[in-house]
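A short write-up of the structure that comes next.
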Amino acid sequence: MTFNAEDVEEDMEDHNDPLVLMLPVAGCNVKNILIDGGSSVSVLFYNTFIRMELNDEQLMSFYYTIYGFNSTPTKPLIDIVLEVKTGPMKIETRFSVVDAPSPYNAIIGRRWVHKLKGLVATYHQYLRFPTPEGVMEIKGDQVTARECKALQN
């Protein structure tokens, strides 16, 4: 799996955009998912959890703290394991449900990327991963990434 100059569109030459995708999570198409290879946890924001109308029987109580990049502590409400479908691949993913404001609906961390055996290229705005049928790719939504980034500022 490689990335090359042909993967970069003309208007992408000088950007600092994160990789934002739409993925099916527990059968729901969830938009505005930040793929964050620097995150050790995957996060589902509480307002998204409510909109997905998930079953409370899937919840698991855990008592720990998540620390963001600025060392701000956040206590997850619960953890939940949900299937994230990526092409033909289905990855059971543990999400920490967090009640905090975010322009994203979820953040998927490096454990998921590793389970997928994927490569994330924020510069090229692609997620690529092997499947039994060959290498598959999902293109990032750069417009949404910029909108989410603007909401953070």
Side-chain angles (χ1 to χ4, degrees), residues 1-4 7-8 12 15-100 102-145 148-149 152:
M1 291 185 289
T2 61
F3 296 95
N4 55 47
D7 294 323
V8 179
M12 292 174 57
H15 73 86
N16 189 28
D17 301 328
L19 184 62
V20 176
L21 304 177
M22 181 187 74
L23 295 171
V25 178
C28 298
N29 285 331
V30 179
K31 298 177 183 178
N32 300 357
I33 297 176
L34 172 66
I35 307 300
D36 184 358
S39 179
S40 60
V41 297
S42 292
V43 174
L44 182 67
F45 291 95
Y46 185 65
N47 59 353
T48 305
F49 175 83
I50 296 298
R51 286 194 316 269
M52 291 173 71
E53 299 178 355
L54 295 170
N55 185 339
D56 289 349
E57 294 173 8
Q58 296 173 294
L59 303 179
M60 297 174 288
S61 294
F62 283 93
Y63 300 98
Y64 58 91
T65 302
I66 297 173
Y67 293 92
F69 70 93
N70 59 358
S71 298
T72 303
T74 301
K75 294 229 182 258
L77 301 173
I78 46 87
D79 275 14
I80 188 168
V81 175
L82 301 171
E83 181 182 272
V84 178
K85 189 169 186 239
T86 314
M89 311 301 285
K90 297 174 184 176
I91 306 291
E92 294 293 315
T93 305
R94 179 177 299 234
F95 287 92
S96 295
V97 179
V98 173
D99 190 6
S102 175
Y104 305 105
N105 290 319
I107 298 172
I108 293 184
R110 68 178 167 266
R111 181 171 292 163
W112 179 84
V113 174
H114 290 179
K115 283 184 179 180
L116 190 63
K117 298 182 177 117
L119 292 174
V120 174
T122 56
Y123 178 74
H124 297 89
Q125 289 290 296
Y126 279 104
L127 166 67
R128 289 193 177 147
F129 53 97
T131 72
E133 293 83 34
V135 174
M136 185 169 190
E137 66 183 27
I138 299 176
K139 177 130 179 66
D141 183 347
Q142 200 169 17
V143 171
T144 299
C148 290
K149 195 167 62 172
Q152 287 179 314

Do the non-hydrogen side-chain atoms of [X] and [Y] ever get within less than 4.5 Å of each other?
X: F49; Y: D99; value: no
X: S40; Y: R111; value: no
X: I108; Y: F95; value: yes
X: M52; Y: V25; value: yes
X: L23; Y: I138; value: yes
X: L127; Y: L116; value: yes
X: V43; Y: D36; value: no
X: F129; Y: M136; value: yes

Distance-minimising heavy-atom pair for [X] and [Y]:
X: R110; Y: G37; result: CB-O, 3.3 Å
X: V81; Y: E92; result: CG1-OE1, 3.5 Å
X: D141; Y: T144; result: OD2-OG1, 2.6 Å
X: G109; Y: S42; result: N-OG, 3.1 Å

Interatomic distance, [X] atom [atom1] to [Y] atom [atom2] [nearest 0.5 angstrom]:
X: Q142; Y: D17; atom1: CD; atom2: CG; value: 4.5 Å
X: E53; Y: C28; atom1: CD; atom2: SG; value: 8.0 Å
X: H124; Y: K139; atom1: NE2; atom2: NZ; value: 10.0 Å
X: S96; Y: I80; atom1: OG; atom2: CD1; value: 11.0 Å
X: L34; Y: S102; atom1: CG; atom2: OG; value: 8.0 Å
X: I91; Y: K85; atom1: CD1; atom2: NZ; value: 12.0 Å

Quick one: does Q125's side chain have a donor or acceptor within less than 3.5 Å of a partner on P18's backbone?
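Flag set: sc Q125 to bb P18 pair under 3.5 Å.
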Indicate yes or no for a side-chain donor-acceptor contact from R128 to the backbone of E137 under 3.5 Å, with no hydrogens or angles considered.
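Here the side-chain-to-backbone pair does not exist.
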Atom NZ of residue position K31 - does it have more than 12 heavy atoms of other residues, nucleotides or ligands inside 6.0 Å?
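Open.
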Side chain to side chain contact (heavy atoms under 4.5 Å, CB included) for F45 and I107? Distances and angles first, verdict last.
CA-CA 8 Å; F45 291 95; I107 298 172; 3.9 Å; yes
Quickly, which of L82, V98, N105, I33 forms a side chain to side chain contact (heavy atoms under 4.5 Å, CB included) with L44? Name it, please.
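Among L82, V98, N105, I33, the one meeting side chain to side chain contact (heavy atoms under 4.5 Å, CB included) with L44 is L82.
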